[in-house]
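Small disclaimer: the values here were computed from a predicted structure and weren't measured.
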Amino acid sequence: MSVFTHLVAELGRLLEPVLAQSATAAAIVLFTVLVRLALHPLSRAAFRGATPAAGCLPVLLQLPVFFVMYHAFSSAEVGGKANELLGHRLFAAPLGSRWTDALGEGGLFGAQGLVFLGLFAAIAVVAAWSAVRGRRTAAAAAAAAAAAPAKAAAPKKPGARAGAGAGAGVMAEVSAEQQEVMRKLGGVLPLLSFGTLITAAVVPLAAGLYLVTTTAWSVAERAWLQYRKERAERQAEQRAEQPVDGGVRSSL
């Protein structure tokens, strides 16, 4: 943990000329971004469904980082010395303080309370964005599964490339029960994002900054990967609809 505190402290010193007392808070955000960049290949593999373990690894590998962050801003001493990180702040709130501490120092709308309210608002916005995207993705998947049988049965265009309907044939195997499960999960799973609010209310402010940063990264990363996937699928469909070389040509 002393290595982590040293790294965050050094990043804070680099940012201090620009961000003054909030430099360490910015260092935590920067550190989180670096962690997520390192985990991006695993996240991409999980999105593509490369292996079952790939979907769990990005989350599991972040747990030690979160616990170190939690203890670093909860311990009065690190390596037998006073914890220098506890003296740093985000605006008026110490990075080691919790929401209950802020309520005791001026109440809900006090100087520290407003910092936590801003953090909660940011987490709520990210969670709402995640919930909306999750519902849309689930609805689109259910609609595609429902329309797959008709699409698979539709006659192919003359000259269309072989295998154009292979994906539709696979999706046609999705049963009505599976479609209903997908619909229900699409309505429930996105709401789990709001659980981050509860966690942020009981952990130190520094850990809350880590949570909002990594959650925002996850949602943005998934949106970007989904966009690239849909673009690739559209390009594949366009290529499949084009006649093959040497196809039927007009004799006029």
Side-chain angles (χ1 to χ4, degrees), residues 1 4-5 7-9 11-13 15-36 59 62-78 82-135 187-223:
M1 189 169 66
F4 167 79
T5 57
L7 176 60
V8 172
L11 287 175
R13 291 189 184 97
L15 298 173
E16 190 172 3
V18 179
L19 299 173
Q21 64 176 357
S22 298
T24 301
I28 293 171
V29 174
L30 178 59
F31 176 80
T32 308
V33 170
L34 294 176
V35 170
R36 294 311 308 263
V59 177
Q62 286 186 80
L63 288 178
V65 180
F66 176 78
F67 288 138
V68 168
M69 181 80 68
Y70 177 87
H71 287 293
F73 287 89
S74 300
S75 305
E77 294 184 355
V78 175
N83 189 354
E84 60 177 315
L85 295 179
L86 296 181
H88 296 271
R89 295 171 172 265
L90 174 60
F91 302 116
L95 291 174
S97 64
R98 293 170 170 78
W99 188 37
T100 52
D101 301 326
L103 293 178
E105 295 288 340
L108 183 63
F109 297 104
Q112 295 187 25
L114 290 175
V115 174
F116 278 90
L117 288 179
L119 174 67
F120 298 156
I123 293 175
V125 169
V126 173
W129 182 25
S130 176
V132 170
R133 284 195 56 81
R135 287 180 181 274
V188 174
L189 290 179
L191 299 179
L192 298 179
S193 302
F194 291 93
T196 309
L197 278 169
I198 300 175
T199 305
V202 298
V203 298
L205 177 59
L209 287 175
Y210 180 88
L211 286 174
V212 68
T213 305
T214 191
T215 304
W217 180 283
S218 296
V219 178
E221 181 181 58
R222 190 166 186 85

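With rounding to the nearest 0.5 angstrom, the OG atom of Ser22 is 10.5 Å from the CD1 atom of Ile28. To the nearest 0.5 Å, the span separating CG on Leu34 from CG on Leu30 amounts to 4.5 Å. We find the OG-CG distance between Ser75 and Asn83 to be 6.5 Å, quoted to the nearest 0.5 Å. Within the model, atoms CZ of Phe66 and OG1 of Thr199 stand 6.5 Å from one another, a figure rounded to the nearest 0.5 Å. Rounding to the nearest 0.5 Å gives a distance of 4.5 Å between OH of Tyr210 and OG1 of Thr214.
Looking only at side-chain heavy atoms (C-beta outward), Leu211 and Leu119 stay at 4.5 Å or farther from each other. Trp217 places none of its side-chain heavy atoms less than 4.5 Å from the side chain of Thr32. Taking the side chain as every heavy atom from C-beta outward, Val202 and Trp99 never approach each other to under 4.5 Å. By the 4.5 Å heavy-atom criterion applied to side chains, Leu63 and Phe67 are counted as neighbours.
Scanning for ring-ring contact (aromatic ring centres under 6.0 Å, His included) contacts around Phe31 gives Phe4, with sequence neighbours left out. Take Ala23 and apply the side-chain contact (heavy atoms from CB on, under 4.5 Å) test, not counting sequence neighbours, and it matches Leu15, Glu16, Leu19. Residues that satisfy the side-chain hydrogen bond (donor to acceptor under 3.5 Å, both in side chains) test with Thr24, not counting sequence neighbours, are His88.
Contact record, Ala27 with Gly12: CB-N, 3.6 Å, taken as the closest heavy-atom pair. Summarising the geometry of Ala220 relative to Trp129, their closest heavy-atom pair is CA-CH2, 3.8 Å, with the distance given to 0.1 Å. Residues Thr213 and Leu209 share a closest heavy-atom pair of OG1-O, 2.8 Å.
A salt bridge (Lys or Arg N to Asp or Glu O under 4.0 Å) check over residues 201-222, counting only residues at least two apart or in different chains, returns the pairs Arg36-Glu221. Pairs engaging residues 82-104 under the salt bridge (Lys or Arg N to Asp or Glu O under 4.0 Å) rule: Arg13-Glu84 [sequence neighbours left out].
Panel note: side chain Ser130, backbone Val126; no donor-acceptor pair is recorded below 3.5 Å.
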Pairs under 3.5 angstrom only: tabulate donor-acceptor contacts from the side chains of residues 104-117 to other protein residues two or more places apart or in another chain.
none

Check against side chain to side chain contact (heavy atoms under 4.5 Å, CB included), Leu95 and Leu86: CA-CA 6 Å; Leu95 291 174; Leu86 296 181; over 6 Å; no
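Within a 6.0 Å radius of CD1 in Ile198, no more than 12 heavy atoms belonging to other residues, nucleotides or ligands are found.
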